[in-house]
Number of protein chains: 2
Amino acid sequence: MELERKHEGAQTTGGGRPRSPRIHQAILKSAADLVLESGFRAISMDDIAARAKVGRMTIYRRWCNKAAIIMDAFVARVDPGTLFVPARTYTESIRLQMRSMAKVFRGKDGALIRALLAEAQFDPRLAAELRDRWTMPRRKMAIAYFQQGIKDGFLRPDVDPDAMIDILYAPLYYRLQMGTGPLSDAYVDEIFDHAMKGFRKS
Amino acid sequence: MELERKHEGAQTTGGGRPRSPRIHQAILKSAADLVLESGFRAISMDDIAARAKVGRMTIYRRWCNKAAIIMDAFVARVDPGTLFVPARTYTESIRLQMRSMAKVFRGKDGALIRALLAEAQFDPRLAAELRDRWTMPRRKMAIAYFQQGIKDGFLRPDVDPDAMIDILYAPLYYRLQMGTGPLSDAYVDEIFDHAMKGFRKS
DNA sequence: CTGATACGATACATCCCGTATCGAATAAGG
DNA sequence: CCTTATTCGATACGGGATGTATCGTATCAG
């Protein structure tokens with residue numbers, strides 16, 4: 001939020017023409033649309049500027065690179081996030097949340113997070129922002145929900161919420177990137193059921 | 001192996017100066033060294049050519065881009081792969097194999113596969129090659145081992161080997177990319193133990 | 001009205017890529 | 001031995017993207 005953006009408070013020092021929020025939104029929308037149409041790699045800053053009908057400097061004043069724009073656009077799109085909605089049972093609510101996540105991954109936002117996560121492997125600052133604005137908020141929510149489940153006796157008392165998050169959700173990211181199969185509800189169920197029951201026989 | 005490389009059999013058509021295997025190896029080593037020193041993004045084809053003391057055309061004759069070189073270098077380095085070695089018990093062997101994988105991820109090869117996996121998100125051909133030369137061979141081995149475990153009664157008969165792979169190994173990739181914590185043996189144990197036991201109380 | 005900044009547009013230097021081309025080197029086949 | 005095909009190092013070229021700079025205009029605060 002303040003690492004990737006540029007001159008976040010630069011204009012607040014004195015009077016002057018304020019930055020147009022309308023232009024700000026136009027850039028975000030143009031960038032997101034272009035990425036979904038042509039892919040992250042295929043588009044350039046020029047393309048975004050042209051589609052938004054703004055000068056390139058107007059973009060560089062706000063963001064330092066392509067990834068930073070897409071990050072903002074992505075968070076703005078998906079932020080009305082998928083919480084843990086109540087279901088028939090405690091564990092069913094987890095399954096539904098996983099399905100909701102898989103649905104996001106299947107949709108247009110899946111392409112965005114795929115590009116962001118990949119780009120973050122080469123850009124530590126982007127990685128930090130992705131953690132702060134996407135990963136960690138969702139992990140915190142899940143941890144709270146799992147702790148409640150332990151307390152209420154739905155989960156084993158020796159369950160570590162962090163490990164449980166990784167086991168349940170990492171496979172979704174794995175399929176998103178590896179393409180070893182579809183991110184279907186059936187796949188979610190398979191992961192969920194196996195993880196809840198465990199593999200060991202006795 | 002034949003998708004990314006260029007002119008794989010182009011020189012076998014007629015007589016002519018054969019390509020030097022010594023140069024081939026020099027390029028692979030230079031590329032790998034440079035990536036480990038400066039990072040995938042920071043280096044260019046020129047840098048690789050300069051370090052290997054070859055012309056750039058000599059590189060483009062063999063590989064179509066940076067990622068293809070690193071892919072070959074990576075597979076050459078890590079191919080003496082980590083199999084399922086016998087341990088005290090059937091399941092302990094799985095744990096050891098996971099630890100071995102985590103060790104690879106912690107080491108220099110971890111940086112290479114991180115870059116390759118990220119790059120593959122933007123390059124379908126590279127993604128296919130990564131699947132064929134890294135992911136799938138290891139999945140096949142794991143599937144065989146898990147099927148044997150089911151047959152021998154060490155694992156529940158209703159276990160799906162594919163799902164089991166995802167649940168056990170996807171968390172390692174997750175940490176490799178997200179940086180939510182260290183890829184330590186302790187982490188591997190936590191994932192392994194939780195996955196084997198399951199989360200549900202009753 | 002004045003000053004400060006945003007804005008669109010354009011130009012510029014820089015970097016990297018992929019291809020082309022050159023003369024020299026190297027090996028296979030006749 | 002000699003022809004032929006190809007590799008090799010080196011260099012040049014065009015194309016595209018990046019990030020910065022600059023110009024005249026637009027917009028807002030005081």
Side-chain angles (χ1 to χ4, degrees), chain A residues 4-31 34-35 38-70 115 119 122-123 125-126, chain B residues 3-31 34-35 38-71 115 119 122-123 125-126:
Chain A
E4 282 295 331
R5 285 188 195 164
K6 267 178 149 185
H7 313 142
E8 180 108 19
Q11 81 232 349
T12 66
T13 52
R17 179 174 175 177
R19 290 187 193 159
S20 160
R22 209 190 118 276
I23 290 177
H24 199 86
Q25 296 307 317
I27 296 171
L28 286 180
K29 172 151 180 53
S30 298
L34 278 173
V35 168
S38 312
F40 186 88
R41 277 294 168 87
I43 69 173
S44 67
M45 293 296 246
D46 289 278
D47 297 333
I48 299 173
R51 155 99 48 141
K53 298 199 182 78
V54 301
R56 268 194 312 148
M57 267 308 295
T58 304
I59 297 184
Y60 279 113
R61 236 188 298 273
R62 294 170 162 80
W63 296 279
C64 59
N65 57 39
K66 226 195 316 179
I69 308 177
I70 303 302
E119 203 65 14
F122 306 116
D123 182 347
R125 295 199 320 176
L126 179 65
Chain B
L3 278 175
E4 283 294 333
R5 284 189 196 163
K6 267 179 149 182
H7 313 142
E8 179 108 20
Q11 81 232 349
T12 66
T13 52
R17 179 174 176 176
R19 290 188 194 158
S20 160
R22 207 190 119 276
I23 289 177
H24 199 87
Q25 295 307 316
I27 295 172
L28 286 180
K29 171 150 179 55
S30 299
L34 278 172
V35 168
S38 313
F40 186 87
R41 278 293 168 87
I43 69 174
S44 67
M45 293 295 246
D46 290 276
D47 297 332
I48 299 173
R51 156 98 49 140
K53 298 199 182 78
V54 300
R56 266 193 314 148
M57 266 310 293
T58 304
I59 297 183
Y60 278 112
R61 236 188 297 273
R62 295 170 162 80
W63 297 279
C64 60
N65 56 39
K66 223 195 320 180
I69 308 177
I70 303 301
M71 168 70 80
E119 203 65 14
F122 305 116
D123 183 347
R125 295 198 321 177
L126 179 64

Any side-chain heavy atom of [X] sitting closer than 4.5 Å to one from [Y]?
| X | Y | result |
| --- | --- | --- |
| A:H24 | A:K29 | no |
| B:W63 | B:M45 | no |
| B:R41 | A:E119 | yes |
| A:I70 | A:L28 | no |

Using whole Å, what does the distance between atom [atom2] of nucleotide [N] and atom [atom1] of [X] come to?
| X | N | atom1 | atom2 | answer |
| --- | --- | --- | --- | --- |
| B:I23 | C:dA27 | CD1 | C1' | 14 Å |
| B:I27 | D:dT7 | CD1 | P | 13 Å |
| B:I69 | C:dG18 | CD1 | C1' | 13 Å |
| B:I59 | C:dC16 | CD1 | P | 14 Å |
| B:Y60 | C:dT19 | OH | P | 8 Å |
| A:R61 | C:dG8 | CZ | C1' | 10 Å |
| B:R41 | C:dC16 | CZ | P | 13 Å |
| B:D46 | C:dC17 | CG | C1' | 9 Å |

To the nearest 0.5 Å, tell me how far [X] [atom1] sits from [Y] [atom2].
| X | Y | atom1 | atom2 | result |
| --- | --- | --- | --- | --- |
| B:K66 | B:I59 | NZ | CD1 | 12.0 Å |
| A:I43 | A:L34 | CD1 | CG | 5.0 Å |
| B:I27 | B:R62 | CD1 | CZ | 5.0 Å |

Closest nucleotide among D:dG19, D:dA17, D:dG9 to the A:S44 side chain:
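Closest of the options to the side chain of A:S44: D:dA17.
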B:S20 or A:A42: which one's nearest nucleotide on DNA chain D is closer to the 5' end?
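Taking each residue's closest nucleotide, the earlier one in sequence belongs to B:S20.
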So how far off straight is the helix from C:dC1-D:dG30 to C:dG30-D:dC1, going by the axes through five pairs at either end, to 10°?
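Its terminal axes enclose an angle near 20°.
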What's the shortest heavy-atom distance between [X] and [Y], and which atoms?
| X | Y | answer |
| --- | --- | --- |
| B:A115 | B:F40 | CB-CB, 3.8 Å |
| B:S30 | B:I48 | CB-O, 4.1 Å |
| A:D47 | A:A42 | OD2-O, 4.0 Å |

Listing time: all N or O pairs from protein to nucleotides 22-24 of chain C that are below 3.5 Å?
none

Output yes when at least one side-chain N/O atom of B:R62 is less than 4.0 Å from OP1 or OP2 of D:dC8, else no.
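Answer is yes, contact under 4.0 Å.
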DNA chain D-proximal residues of residues 48-58 of chain B, any heavy atom under 4.0 Å
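B:K53, B:V54, B:G55, B:R56, B:M57, B:T58 - these, ordered by number, are the residues of the stretch whose heavy atoms sit under 4.0 Å from the strand.
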